[in-house]
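Presented below is the structure to which this report refers.
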Amino acid sequence: MSAHGCEFHPDLYYDAEFQIWVRPESDGTASVGMTDISQTIAGKVLHVRVRKPGNLRPKGKPVATVETGKWAGPVPNPFDCTIEAGNEAVLDDPSLLNRDPYRHWIARVKPRAPIAAACADLLTGEAARQGFEERCRRDDIRCKRLAD
Amino acid sequence: MSMSGPRYLEHDEKTVVIVMTSGPSTPNRCATPFYLGALLASMDADVTIFFTMEGVRLVTRGVPETLAAMAGGKPIIEFMREAKQAGVKFHACRPALPGYDLDVDDLVPEVDELSSGGALADMILSCDKVLFF
């Protein structure tokens with residue numbers, strides 16, 4: 001599914017600005033990654049650094065830092081959590097985030113609350129799709145991918 | 001050339017003040033402070049950019065919207081907004097405004113506070129790191 005050429009997955013959970021996606025995992029953890037919107041705005045990702053596993057991260061504090069040639073910023077954290085792992089493949093080759101941002105998670109985290117409660121404030125499904133489209137329209141975002 | 005640096009981050013929270021004295025007369029000095037500020041903020045630092053001397057011209061309406069650090073580059077206002085989104089605070093030096101015939105109403109809305117020289121002195125004496133651009 002796409003909006004303005006930006007790929008969207010209705011089964012994932014999103015923050016209000018659609019900077020990140022969250023996917024609940026079967027073991028109670030959650031994967032966190034960049035959306036197509038974020039990787040397009042950022043440009044080719046040169047560095048990704050994840051907070052050290054074991055770190056407690058309150059809501060709003062970044063789980064990772066992303067650098068491109070023209071942009072630097074946080075991967076925001078949508079809920080209180082503990083960092084479980086960084087994606088070694090992404091740390092080795094950050095441009096994977098530009099090629100397929102939904103296939104490559106950045107950090108895996110353990111929410112302090114049960115996963116369903118942790119995701120309750122995030123957007124998903126049709127409500128998320130409408131918000132995603134609105135963000136693309138409002139900021140005239142047309143997604144671009146890095147070719148393999 | 002290989003890129004170096006740790007893959008995992010573990011910093012205590014620090015406070016950083018970036019004193020921005022550069023302005024439109026040196027556009028190639030006007031993007032990096034915001035990039036660095038955004039990066040520091042995303043690494044848990046509490047970052048304030050304090051605009052003084054010619055820096056106050058950089059936060060004047062109409063200037064960062066049209067200025068780029070390099071020909072055809074991203075407007076400085078976008079670097080500013082990205083820094084703000086990462087959590088960086090902007091202070092403008094009130095005593096510097098008259099020297100550039102500026103008034104409070106001339107400043108871009110991204111400026112959070114108008115501050116005195118004494119406020120900058122307090123920040124410098126109490127923060128962990130000070131950077132000058």
Side-chain angles (χ1 to χ4, degrees), chain A residues 15-20 32 34 37-38 40-77 82-95 106-109 135 139-141, chain B residues 1-16 18 20 27-47 49 64-65 67-90 110 129 131 133:
Chain A
D15 65 306
E17 286 296 308
F18 300 93
Q19 298 174 84
I20 57 158
V32 179
M34 289 175 88
I37 291 174
S38 288
T40 297
I41 290 172
K44 185 179 178 185
V45 181
L46 302 176
H47 294 283
V48 174
R49 292 193 287 172
V50 177
R51 293 297 297 195
K52 197 170 181 181
N55 274 194
L56 294 169
R57 304 304 290 161
K59 180 179 179 178
K61 290 288 185 181
V63 295
T65 300
V66 171
E67 293 174 64
T68 73
K70 61 173 185 174
W71 184 88
V75 176
N77 172 25
T82 303
I83 304 292
E84 292 268 307
N87 185 343
E88 294 290 336
V90 167
L91 295 173
D92 285 340
D93 181 4
S95 70
I106 295 172
R108 192 152 286 159
V109 302
R135 171 83 205 278
D139 296 333
D140 194 23
I141 296 166
Chain B
M1 187 185 299
S2 64
M3 308 296 275
S4 61
R7 294 153 71 89
Y8 290 96
L9 297 165
E10 189 171 35
H11 301 283
D12 295 331
E13 290 199 19
K14 303 272 190 190
T15 52
V16 179
I18 296 174
M20 185 60 177
N28 55 356
R29 296 181 59 83
C30 291
T32 302
F34 303 106
Y35 182 99
L36 185 58
L39 191 55
L40 287 163
S42 68
M43 294 165 71
D44 275 7
D46 181 345
V47 183
I49 298 181
E65 295 91 337
L67 189 74
M70 62 176 81
K74 191 164 80 172
I76 299 300
I77 191 73
E78 291 189 29
F79 284 97
M80 287 180 170
R81 287 172 180 158
E82 287 158 6
K84 295 275 302 184
Q85 191 172 25
V88 176
K89 296 181 286 292
F90 286 3
E110 281 73 15
K129 303 284 181 191
L131 303 170
F133 285 96

Could you look at Val48(A) and say if it's the side chain, the backbone, both or neither that has a heavy atom under 4.5 Å from chain B? backbone
Residue Gln85(B) versus chain A: region with a heavy atom under 4.5 Å: side chain
With the side chain counted from C-beta on, respond yes when Glu13(B) and Asp46(B) share a heavy-atom pair under 4.5 Å apart, and no when they do not. no
Spatial distance of atom CZ (Arg49(A)) from atom CG (Leu91(A)) [nearest 0.5 Å]: 10.5 Å
Checking the side chain of Asn77(A) only, and the main-chain atoms of Arg57(A) only, is there a donor and an acceptor separated by less than 3.5 Å? yes
Any donor-acceptor pair under 3.5 Å from Thr68(A) side chain to Val45(A) backbone: no
Okay, Glu10(B) and chain A: the region with an atom under 4.5 Å from a heavy atom over there is both
Check each atom of Phe79(B) against the heavy atoms of chain A and say whether the ones under 4.5 Å are side chain, backbone, both or neither. side chain
